[in-house]
Amino acid sequence: MKWHHLLAASSLPFLCTALAAQNVNYSNPYTISTPAGNSNGAGYNDGQGSNANFNRPTGTAFGSDGNVYVADALNYAIREVVISSGQTTTFAGNGSIGEVNGQGTAAQFGPVYGIASDSHGNFYVSDWVNSLGTSGSLRKISPSGNVTTLVASGLANPQGLAVDSAGNVYVACIGDYTIRKVTPSGAVSLYAGTPGQSGLENGGPNTGQFGVPTSVAIDGSGNLYVTDVANSVILKVDPTGSISLYSGSSTNQGVNDGSLNTATYLHPAGIAIDGSGNFFIIDDQTLIREISAGGTVSTVAGTLGIPGTLDGTGQNSRFNFRIAVGGIAANANSDLAIADTANATLRYGVPIPTGLPTIQFQPSNVSVVNGGTAILSVAASGSNLTYQWMFYDGFTNTAVAGATSSSLTINSVGADQEGKYTVVVTDPTGNVTSQAATVSVLTQSHLLNLSARANVGTGGNVLDAGFVLSGSGTKAMLVRGAGPALANFNVTGVLANPVLTVYDQNPTQIAQNIGWNNDPTLQTAFNNTGAFNFPANSADSALLETLAANPYTATVAGENNTTGNALVELYDDDVHNTDCNLINLSARAVVTPTAPLTAGFVIGGTGPMTVLIRGVGPALTGFNVAGALPNTTLTVYDINNHVIGTNTGWGGTTALSDMYQKVYAFSFAAGSADSAVVVTLAPGNYTAAVAPSDHTSSGVALVEVYEIQ
């Protein structure tokens, strides 16, 4: 069951609208790698590549040697990374908190949140060792690693730093909402902002205001650019210290690319400038965005609104910053050094060389009903791109007439349209060919999928989903328990650590999962079934099991008896295997007047299917279910949210009683307040909702879908 369909009949119809308001343009994508650190947990260890560990890296700077220097905040150290090899060493500090000057690892720092370098190879570090009060310090490190204190106190929670050509250091002080200027001799003055006043006001020192200034960058003319994480804007400070708006809107916050005047941001936290005057910004905790020297705003890396850790190009990469932290530096070649704070890694970004176009997202396999519509698409980067889709029927590869855009729509799919499709993407420098995507026709109608969302309680009030496989042989089933991933769809109060368990009919536990752990086999199953992606390293759970024909139950509970909103999903991961099929799906959860039990299901194939759908409440008392819902209304919706069947009280009819026996469903008492409908449905997506018919009751309910042969 695709997530967007389940929402169509739920309480979250605004989700698509909210996401549609964003406008992300990957016209100049960067390729992201992870030269050092690993996301499996914070630590302190020198080594090569993923053998190195960081603990909340928050700032980066390029050295004159081309290496990257990282402010490793909670290891109280400056780490040096050789990008070509990924070798990480400790340049200054030793992992112990303090404020001790000295050579290299003999020195000590407090939490270090910002780092910048000057033209002579010196480094400047914002140090929070005294910040429990109102004072932080500015430390200086010589090219040889000798640490001294340039400013001993008086900087209120210093964070981002920038150095001008004269050696003056500009310090973003988030503790008092100001930018301070520090001369090479250590003299400190107010450069911009009003101490202790948070707001958004143009003006000079003591009149202008920042919300929370987190990071700074300086251009060749001495203009300073500031990320204001509270107001979601980029501000410009001229050489007199006067503040003005450079880009963004505090009243229209969001992620929208475009011109300098129309672009918007969402909590920008870091900023850097390269040798060509391009700015690079950490935004939305998940993105790297660029303001070109010409004033065009685009997104170069990261996936909007989806945190994670993934190397790749453009939107096929992921980060996990924290609000107000995450450092970024750019060198003369426009390479980027990125402190991926929550992932505890150093990420490195390089622009795609000019030349052949690059395919960012490949077309995916599509299975449709006979006579249905298949849509294939590709995402590519380059200039003046053209497209030509090709079809391979097993014998010849031919151009599809008129198929010259980034997407291909194939109407009335039948045997003649089944095969492999590729697309040739061309720009003035040459062409590349995509991976092949297979279009196939489902050969018969059967149940493919169930999704149900509810609040997971404790004891008997967890979220259960039952399913029955019938036939011969086995079936590959993808079973998922989603909790944290639902937050990306604006679901509040999610189950933080879902425990997914699959039982056979005895019931004996077959398998259990807590945290899907970025399993590539599971990711492939997500792609095959159309399931939405889980964030990398999320605590969501999933299992891929090969099961024989029998009844099964999947349960989603909270680890350590925690509670929250969760989604249970069952997917047929082997739709072309028709020897063993799903014939019955069910889900059980607690229902309230404001939270019905909503289950989505999918019928695949070529023709209509008759199904029995039941909303069970009072009948559960016969199975010793405590707190059963005393009355039910069952409503069935199509994908457009149109009602196609509804029932309140099944009526005790002989026809329905006979139908229960035919599909081996347990009986209802005559005149009970349970509900049932029999409907004939075309292949497609549907939703069944069970609610209290009196609009006031609460209790445990069961929704069931039976295939009628």
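- Taking the six-membered ring for Trp and thresholds of 30 and 60 degrees, Phe321 and Phe319 have nearly parallel ring planes, at less than 30 degrees apart.
- Minimum interatomic distance between Ala454 and Ala589 (heavy atoms only, all atoms of both residues): CB-CB, 3.4 Å.
- Using cut-offs of 30° and 60° on the angle between ring planes, the pair Trp516 and Phe526 is tilted.
- Taking all atoms of both residues into account, the shortest heavy-atom contact from Val494 to Ala487 is CG1-N, 3.9 Å.
- In summary, the side chains of Ser39 and Thr345 do not present any donor paired with an acceptor at a separation below 3.5 Å, with no hydrogens or angles considered.
- If you run side-chain hydrogen bond (donor to acceptor under 3.5 Å, both in side chains) between Asn256 and each of Thr299, Asn23, Thr264, only Thr264 comes through.
- Between Tyr225 and Lys236, some side-chain heavy-atom pair lies under the 4.5 Å cut-off.
- By the 30° and 60° cut-offs, the orientation of the rings of Tyr113 relative to Trp128 is tilted.
- Summarising the geometry, atom CD1 belonging to Ile281 is positioned 4.0 Å from atom CD1 belonging to Ile234; distances are rounded to the nearest 0.5 Å.
- Residue Ser451 comes nearest to Glu569 through the heavy atom pair OG-CG, 3.6 Å, listed as atom of the first residue, atom of the second, then distance.
- Side chains of Asn537 and Asn518: a donor on one and an acceptor on the other come within 3.5 Å.
- Counting heavy atoms from C-beta on, the side chains of Ile115 and Val70 never come closer than 4.5 Å.
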Criterion side-chain contact (heavy atoms from CB on, under 4.5 Å) on Val456 and Thr563, from CA distance to verdict | CA-CA 5 Å; Val456 172; Thr563 61; 5.8 Å; no
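- Annotation: the span from Leu266 atom CG to Gln285 atom CD amounts to 8.0 Å, rounded to 0.5 Å.
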Pair Ser292-Asn278, side-chain contact (heavy atoms from CB on, under 4.5 Å): steps then yes or no = CA-CA 5 Å; Ser292 72; Asn278 305 300; 3.8 Å; yes
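- Not one N or O on the side chain of Ser317 forms a donor-acceptor pair closer than 3.5 Å with the backbone of Ala301.
- Of the inter-residue distances, the one linking Asn38 atom CG with Asn343 atom CG reads 10.0 Å to the nearest 0.5 angstrom.
- In this structure a side-chain-to-backbone donor-acceptor pair under 3.5 Å is missing from Asp283 to Leu287.
- A donor-acceptor pair under 3.5 Å is formed between the side chain of Asp274 and the backbone N or O of Ser276.
- Interatomic distance, OG of Ser298 versus CD1 of Ile288, reported as 12.0 Å (0.5 Å rounding).
- With hydrogens and angles disregarded, no donor-acceptor distance shorter than 3.5 Å links the side chain of Thr60 to the backbone of Ala339.
- Remark: the backbone N or O of Leu310 is paired with a side-chain donor or acceptor of Arg347 at under 3.5 angstrom.
- If you run side chain to side chain contact (heavy atoms under 4.5 Å, CB included) between Ile243 and each of Asp238, Val237, Thr207, Ile179, only Val237 comes through.
- Between the side chain of Asn517 and the main chain of Asp519, no donor-acceptor pair closer than 3.5 Å is present.
- Looking at Ser538, its side chain never comes within 3.5 Å of a backbone N or O of Ala485 through a donor-acceptor pair.
- Between Ala539 and Pro498 the shortest heavy-atom distance is O-CD, 3.4 Å.
- Side chain of Asp127 to backbone of Gly110: a donor-acceptor contact under 3.5 angstrom is found.
- Two residues are said to be in side-chain contact when any heavy atoms from C-beta on lie closer than 4.5 Å; Tyr246 and Ile291 meet this criterion.
- Atoms CG and CG, on Leu522 and Asn533 in that order, are 11.5 Å from each other to the nearest 0.5 Å.
- Shown here for Ala192 and Gly241, the closest heavy-atom pair between the two residues is CB-O, 3.7 Å.
- When each of Thr303, Ile32, Thr286 is paired with Arg318, the side chain to side chain contact (heavy atoms under 4.5 Å, CB included) condition holds for Thr303 and for no other.
- Remark: side-chain polar atoms of Ser198 are paired, donor with acceptor, to backbone N or O of Gly211 under 3.5 angstrom.
- At least one side-chain heavy atom of Val81 sits less than 4.5 Å from a side-chain heavy atom of Ile83.
- Here Leu260 contributes atom CG and Phe279 contributes atom CZ; the two are 9.5 Å apart, rounded to the nearest 0.5 Å.
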Residue pair Arg289, Asp257: steps toward the salt bridge (charged side-chain N to carboxylate O under 4.0 Å, His left out) verdict = CA-CA 9 Å; Arg289 302 177 70 192; Asp257 291 334; 2.7 Å; yes
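- In this structure, Ile218 and Ile273 have side chains that are not in contact, with every pair of non-hydrogen atoms separated by 4.5 Å or more.
- No side-chain heavy atom of Tyr348 sits under 4.5 Å from any side-chain heavy atom of Leu346.
- With hydrogens and angles left out, the side-chain atoms of Tyr265 and Ser247 include a donor and acceptor closer than 3.5 Å.
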Let me see the working for Gln315 and Val24 under side-chain contact (heavy atoms from CB on, under 4.5 Å), right down to the final yes or no.
-> CA-CA 9 Å; Gln315 66 191 103; Val24 182; over 6 Å; no
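- Side-chain atoms of Asp427 and Asn384, non-hydrogen and from C-beta on, never get closer than 4.5 Å to each other.
- Side-chain contact between Val568 and Arg480 is absent, with no heavy atoms from C-beta onward closer than 4.5 Å.
- Of the possible donor and acceptor atoms, none in the side chain of Asn488 sits under 3.5 Å from a partner among the backbone N and O of Ile306.
- Side chains of Arg56 and Thr58: no donor on one and acceptor on the other come within 3.5 Å.
- In terms of heavy atoms, Ala330 sits closest to Phe280 at CB-CD1, 4.2 Å.
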Would you check, one step at a time, whether the test side-chain contact (heavy atoms from CB on, under 4.5 Å) holds for Arg453 with Val491?
-> CA-CA 11 Å; Arg453 183 171 71 89; Val491 176; 4.1 Å; yes
